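One structure is given below, encoded as structure tokens.
Here, residue 1 is the first one in the sequence, and each next residue gets the next number. What you see is a predicted model, and the numbers here were worked out from it, not measured in a lab.
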Amino acid sequence: MFASSPDMPLPPGTCQASSRGFAPSEATAPIYSALVAAGFPSPADDHLEGKLDLHELMVKRPAATFFCKADGDSMTGAGIQSGDLLVVDRSVQPHDGDIVVATLDGGLTVKSLRKTEDGWELASANPDYPSFPVDPDDGVQIWGVVTFAVSALTKR
């Protein structure tokens, strides 16, 4: 599924895209054209730009996309918290530095894909956790590239 390039071979372990598609959502919400300052506040701008469909924004290829939840704190350095909803696209070719969902030790894990001198590794974004070599003989497969992570900021 993933083509190799002459300058950087891709990691071993690939999967076919899921044949199960997801229907577009009918739920939309208004989106305003004003940017929200993350530094100093700016004057309010209440110009309505249109409607935003989060499914349309986050799911580019429905037949190859799935959702899962992160569990644990090994990816906090990448901004992924336990409980975050991950949008994973199986049709995106993984590259060095991408965050991927992969099989590891019989389960799924979310890690950064890194090219090393010895090949490829699945790297944690938390120094308290180890990295793992990508070895197809051990059953490691890249299931897809994480394209979005959705975090809940309140638990109410």
Side-chain angles (χ1 to χ4, degrees), residues 1-25 27-29 31 35-39 49 51-155:
M1 175 175 172
F2 303 114
S4 61
S5 65
D7 57 332
M8 182 178 290
L10 292 174
T14 60
C15 296
Q16 295 299 315
S18 169
S19 61
R20 181 179 51 174
F22 295 93
S25 169
T28 61
I31 183 169
L35 299 177
V36 178
E49 184 175 312
K51 297 281 186 177
L52 172 67
D53 181 334
L54 291 177
H55 191 277
E56 183 179 316
L57 173 71
M58 294 190 284
V59 179
K60 301 299 182 209
R61 289 163 286 279
T65 300
F66 68 95
F67 303 89
C68 57
K69 284 196 173 184
D71 184 33
D73 60 354
S74 72
M75 293 302 288
T76 55
I80 297 174
Q81 307 299 322
S82 188
D84 284 0
L85 179 68
L86 306 178
V87 181
V88 184
D89 190 331
R90 295 182 81 176
S91 70
V92 174
Q93 180 176 318
H95 290 185
D96 183 35
D98 283 346
I99 296 175
V100 300
V101 171
T103 58
L104 182 66
D105 295 331
L108 293 178
T109 188
V110 59
K111 298 285 183 250
S112 293
L113 182 65
R114 300 279 183 226
K115 179 73 175 143
T116 67
E117 291 179 9
D118 299 325
W120 293 88
E121 71 178 8
L122 297 173
S124 298
N126 180 334
D128 295 336
Y129 291 87
S131 296
F132 303 93
V134 175
D135 185 352
D137 293 335
D138 289 340
V140 175
Q141 290 187 326
I142 307 300
W143 269 33
V145 175
V146 176
T147 55
F148 288 90
V150 182
S151 296
L153 299 180
T154 64
K155 302 298 180 198

Side chain to side chain, V59 and P62, heavy atoms closer than 4.5 Å: yes
Minimum heavy-atom distance P130-S124, with the two atoms named: O-OG, 3.1 Å
Is any side-chain heavy atom of L108 less than 4.5 Å from a side-chain heavy atom of C68? no
Within 6.0 angstrom of D71 CG, more than 12 heavy atoms from elsewhere: no
Got V146 and V100 here, is their nearest side-chain heavy-atom distance under 4.5 Å? no
Applying side-chain contact (heavy atoms from CB on, under 4.5 Å), name anything that partners L104, two or more places apart in sequence or on another chain. T109, F132, V140
Relative to each other, are the rings of F66 and W143 parallel, tilted or perpendicular (30° and 60° limits)? perpendicular
Contact between D73 and Q81 at the side-chain level, heavy atoms closer than 4.5 Å - yes or no? no
Exactly one of T147, I142, V145 should register a side-chain contact (heavy atoms from CB on, under 4.5 Å) with D98. Which one does? V145
Distance alone, cut at 3.5 Å: any donor-acceptor contact between the side chains of S91 and D89? yes
Shortest non-hydrogen separation from V92 to R61 and the atoms involved: CG2-NH2, 3.3 Å
Looking at every heavy atom in both G83 and K69, which two are closest together, and how far apart are they? O-CD, 4.0 Å
Taking all atoms of both residues into account, what is the closest heavy-atom pair of S74 and K111, and its distance? OG-NZ, 2.9 Å
Would you check if M75 and I99 make a side-chain contact, meaning some heavy-atom pair closer than 4.5 Å? yes
Please tell me if the side chains of W120 and R114 come closer than 4.5 Å, counting only heavy atoms from C-beta onward. no
For the residue pair G72 and S82, what are the closest heavy atoms and their distance? N-OG, 3.0 Å
Intermediate values then yes/no, side chain to side chain contact (heavy atoms under 4.5 Å, CB included), T65 and V88: CA-CA 6 Å; T65 300; V88 184; over 6 Å; no
Does D105 CG have over 12 foreign heavy atoms under 6.0 Å away? no
Rounded to the nearest 0.5 Å, how far does OG1 of T103 lie from CD of Q141? 5.0 Å
Atom NZ in K115, atom NE2 in H95: separation rounded to 0.5 Å? 13.0 Å
Flag yes if more than 12 heavy atoms outside K60 fall under 6.0 Å of its NZ atom; otherwise flag no. yes
Does the side chain of S151 come under 3.5 Å of the side chain of D84 through a donor N or O and an acceptor N or O? yes
Going from CD on E56 to CE on M58, what distance comes out if it is rounded to the nearest 0.5 angstrom? 11.5 Å
Using side-chain heavy atoms (C-beta onward) and a distance below 4.5 Å, is I80 in contact with L86? yes
